[in-house]
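To start, the structure itself, in structure tokens.
Just so you know, residue 1 is the first one in the sequence shown, and it goes up from there. In this text the structure is predicted, and so the values were computed from the model without any measurement.
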Amino acid sequence: MKELMRSNDPTAIAFAKALLSGEGIDCFEMDVNISILEGSIGILPRRLMVRQTDHFMAAAALRDNGLTVSE
């Protein structure tokens with residue numbers, strides 16, 4: 001798995017997941033539980049992970065739609 005995106009914005013994560021789903025790319029959201037434990041005040045970012053082989057296509061899909069991709 002490779003990190004595709006890191007964000008404090010839950011709407012950006014949801015948008016990215018919807019885009020990836022539309023492209024047929026599986027993704028996994030990490031750090032959801034820790035962000036709930038900290039009170040959902042948005043201090044700790046969530047990470048969106050994809051398979052190493054899907055990273056190039058996933059990054060292109062997010063960039064084409066105006067989202068920032070982790071490098």
inquiry  = List the residues meeting side chain to side chain donor-acceptor pair (under 3.5 Å) with Ser70, not counting sequence neighbours, and say none if there are none.
reply    = Glu3
query = Applying the 4.5 Å side-chain criterion to the ILVMFWY set and letting contacts propagate, would Val69 and Phe28 be lumped into a single cluster?
reply = no
inquiry  = Could you measure the distance from the CZ atom of Arg51 to the NZ atom of Lys2? Nearest 0.5 Å is fine.
reply    = 15.5 Å
Gap between atom CG of Asp54 and atom CD1 of Ile25 - 0.5 Å precision = 5.5 Å
query = Is Met49 reachable from Phe56 through a run of I, L, V, M, F, W or Y residues, each pair having side-chain heavy atoms under 4.5 Å apart?
reply = no
task = Report the distance from atom CD1 of Ile13 to atom CE of Met5, rounding to the nearest 0.5 Å.
result = 4.5 Å
query = Between atom CE of Met30 and atom CZ of Arg47, what is the distance when rounded to the nearest 0.5 Å?
reply = 4.5 Å
request  = Compute whether any side-chain donor of one residue and acceptor of the other, for Asp9 and Thr11, lie under 3.5 angstrom apart.
outcome  = yes
note = Residues pairing under salt bridge (charged side-chain N to carboxylate O under 4.0 Å, His left out) where one sits in residues 14-23, two or more places apart or in two chains, turn out to be Lys17-Glu29
inquiry  = Check this for me: does any side-chain nitrogen of one of Arg46 and Asp31 sit under 4.0 Å from a carboxylate oxygen of the other?
reply    = no
query = Do you know which two heavy atoms are closest between Phe15 and Leu67, and how far apart they sit?
reply = CD2-CD1, 3.6 Å
query = Between atom CG of Leu62 and atom CE of Met57, what is the distance when rounded to the nearest 0.5 Å?
reply = 11.5 Å
note = Distance col, row Leu20:CG vs Leu4:CG, nearest 0.5 angstrom, shows 6.0 Å
